[in-house]
There are 2 protein chains.
Amino acid sequence: MARIDYKHHDKILLAVDCIIFGFDGSGLKALLVKRGLEPEMGKWSLMGGFANKEEGIDQAAARILVQLTGMDKIYMEQLHCFGDVDRDPGGRVVSIAYFALIKIEESNGETLDLHNAKWFDLKKLPTMIFDHKQMVRLAKERLQQKVANHPIGFELLPNKFTLQQLQGLYEAVYETSFDKRNFTRKILSLGILQRLDEKEKESSKKGAFYYVFDKKKYKQLESEGIKMI
Amino acid sequence: MARIDYKHHDKILLAVDCIIFGFDGSGLKALLVKRGLEPEMGKWSLMGGFANKEEGIDQAAARILVQLTGMDKIYMEQLHCFGDVDRDPGGRVVSIAYFALIKIEESNGETLDLHNAKWFDLKKLPTMIFDHKQMVRLAKERLQQKVANHPIGFELLPNKFTLQQLQGLYEAVYETSFDKRNFTRKILSLGILQRLDEKEKESSKKGAFYYVFDKKKYKQLESEGIKMI
DNA sequence: TATTTTAAGTGTAGTTTGTACATTTATTTT
DNA sequence: AAAATAAATGTACAAACTACACTTAAAATA
């Protein structure tokens with residue numbers, strides 16, 4: 001056994017970085033901040049911070065997310081741990097990446113400004129520090145996988161949304177387009193959407209019905225993921 | 001930004017724990033060791049160790065795997081990072097879990113004995129230290145997901161194997177049974193198996209053809225996962 | 001040499017799911 | 001009343017999945 005005793009082993013700086021996804025109706029977006037310390041101060045970066053000794057890593061990630069967005073109860077899951085020796089030129093830092101899905105229209109613009117945060121289209125990301133681009137890439141892949149089997153896409157939409165918005169979201173996530181009839185049929189056949197009597201009338205004269213995600217129905221169906229796409 | 005500067009932040013012990021899967025023809029197995037240090041000395045544990053400051057975490061995981069099995073070029077991927085504050089009563093240790101797939105019949109019994117290692121049927125795991133049972137559970141779930149879309153099941157079988165062995169493996173991974181005709185048809189239709197002229201004649205008078213996984217054909221098909229099951 | 005035994009190997013029909021594709025409908029504006 | 005706009009909807013064909021049982025090759029035995 002290598003782990004002979006706990007003292008006499010290297011302790012390492014542990015960071016948490018958050019890939020924060022949003023959807024504005026057109027494309028998938030990521031929230032980046034201007035880094036406030038050396039090295040690479042002023043460059044674009046994922047929102048991050050160091051994990052404290054007295055907090056769990058999930059708590060650290062949640063704390064950092066709240067710091068930036070002011071929002072809690074955000075969908076977040078651990079992505080991957082990045083631990084190459086030279087990933088951070090400032091020192092040996094192992095970073096645990098999390099990705100979060102937020103309702104972009106509920107985010108607080110002032111709080112974001114305070115942190116020099118900005119939404120970037122995923123297809124037009126700026127140069128980012130360290131291995132952050134790799135993190136975003138992996139997060140996007142994971143999002144694609146996850147969205148295919150779990151009803152998490154709704155985390156990126158307003159509470160009530162039209163079928164076209166939902167389709168637009170899936171199209172953004174997969175960078176493809178779907179046939180409207182087939183998409184509608186499939187998504188409704190899942191039985192996890194509830195149609196409201198209310199219509200969205202901005203973008204059409206006829207108006208499109210709003211739907212909400214029916215969490216109860218989903219839980220009834222199966223707690224272990226259903227095929228969304 | 002929370003990450004104001006690199007000094008003045010907590011450094012934390014970083015461990016790596018390996019879930020090592022094997023398949024012996026009947027059930028899926030995990031390789032456990034008797035823990036050699038306090039706390040919980042003598043209890044069953046995943047093979048683990050501390051990450052050193054001068055090595056990447058993937059390297060640390062590979063090192064630990066070689067230590068136990070003497071084997072390298074093993075299929076291994078990162079599973080998840082476990083970082084609850086109290087997960088290890090011996091101190092604040094964040095553990096990065098990896099899972100590995102090994103050909104059980106190629107493992108060196110003597111090396112395993114040296115480390116007090118033993119193969120356990122996944123359905124009959126002993127009490128394990130800390131959150132190791134949770135790690136194994138998550139690893140099994142991940143294996144199920146991964147095996148469905150990636151040709152990694154072969155890592156658990158001898159280089160040449162019969163279709164029945166392969167089916168047995170999938171049945172063990174998913175804890176279910178498949179129809180032999182449908183399974184055979186589907187797996188062969190992928191076009192990634194090559195039939196040898198040689199037959200396995202131990203378990204039948206007719207003999208069953210050996211197959212090998214054809215990595216080249218697989219790479220040709222697509223580098224991004226095909227549907228295995 | 002014929003028969004038995006064993007597990008391997010194979011085919012078909014029915015159902016479900018996926019895909020491609022165009023017209024009708026509700027409402028507002030002119 | 002007509003035109004304009006985007007929403008809502010159906011059908012036919014193809015592909016994939018599922019359920020299900022007999023034939024075959026080879027060795028062992030009579």
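Chain naming here is simple, since letters A, B, ... match the order of the sequence lines and numbering starts at 1 in each.
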Check: Are the charged groups of A/Arg181 and A/Asp179 less than 4.0 angstrom apart, N to O?
Finding: yes

Check: Can the positive tip of B/Lys124 be found less than 6.0 Å from the middle of the six-membered ring of B/Phe120, inside 45° of the ring normal?
Finding: no

Next item on the list: Please determine if a side-chain N or O atom of A/Lys201 lies less than 4.0 Å away from the OP1 or OP2 oxygen of C/dT28.
Entry: yes

Margin query: With a 4.0 Å limit, can you tell me whether B/Lys206 has a side-chain N or O closer than that to the phosphate oxygens OP1/OP2 of C/dT10?
Written below: no

Expressed in angstrom and rounded to an integer, what is the separation of [X] atom [atom1] from [N] atom [atom2]?
X: A/Asp179; N: C/dT17; atom1: CG; atom2: P; answer: 19 Å
X: B/Tyr210; N: C/dG9; atom1: OH; atom2: P; answer: 12 Å
X: A/Glu200; N: C/dA26; atom1: CD; atom2: P; answer: 18 Å
X: A/Gln165; N: D/dA6; atom1: CD; atom2: P; answer: 15 Å
X: B/Arg181; N: C/dA7; atom1: CZ; atom2: P; answer: 17 Å
X: A/Ile187; N: C/dG18; atom1: CD1; atom2: C1'; answer: 15 Å

Check: Which one, C/dA20, D/dA8, C/dA8, comes nearest to the side chain of A/Ala208?
Finding: D/dA8

Next item on the list: Give the nucleotide from the list C/dT28, D/dC20, C/dT19 with an atom nearest to the side chain of A/Asn182.
Entry: C/dT19

Notebook entry, point to check: For A/Lys186 and A/Gly207, take the nucleotide of DNA chain C holding the closest heavy atom to each; which residue's nucleotide lies nearer the 5' end?
Noted result: A/Lys186

Margin query: For D/dG10, does the base pair up with any side-chain atom of A/Arg185 as donor and acceptor (N or O, under 3.5 Å, distance only)?
Written below: yes

Item checked: Check: B/Lys205 side chain, C/dA8 base, donor-acceptor under 3.5 Å -> no

Notebook entry, point to check: Does A/Val136 reach the side chain of A/Leu125, with side-chain heavy atoms less than 4.5 Å apart?
Noted result: yes

Check: Parallel, tilted or perpendicular: which fits the ring planes of A/Phe130 and A/His132, with parallel below 30° and perpendicular above 60°?
Finding: perpendicular

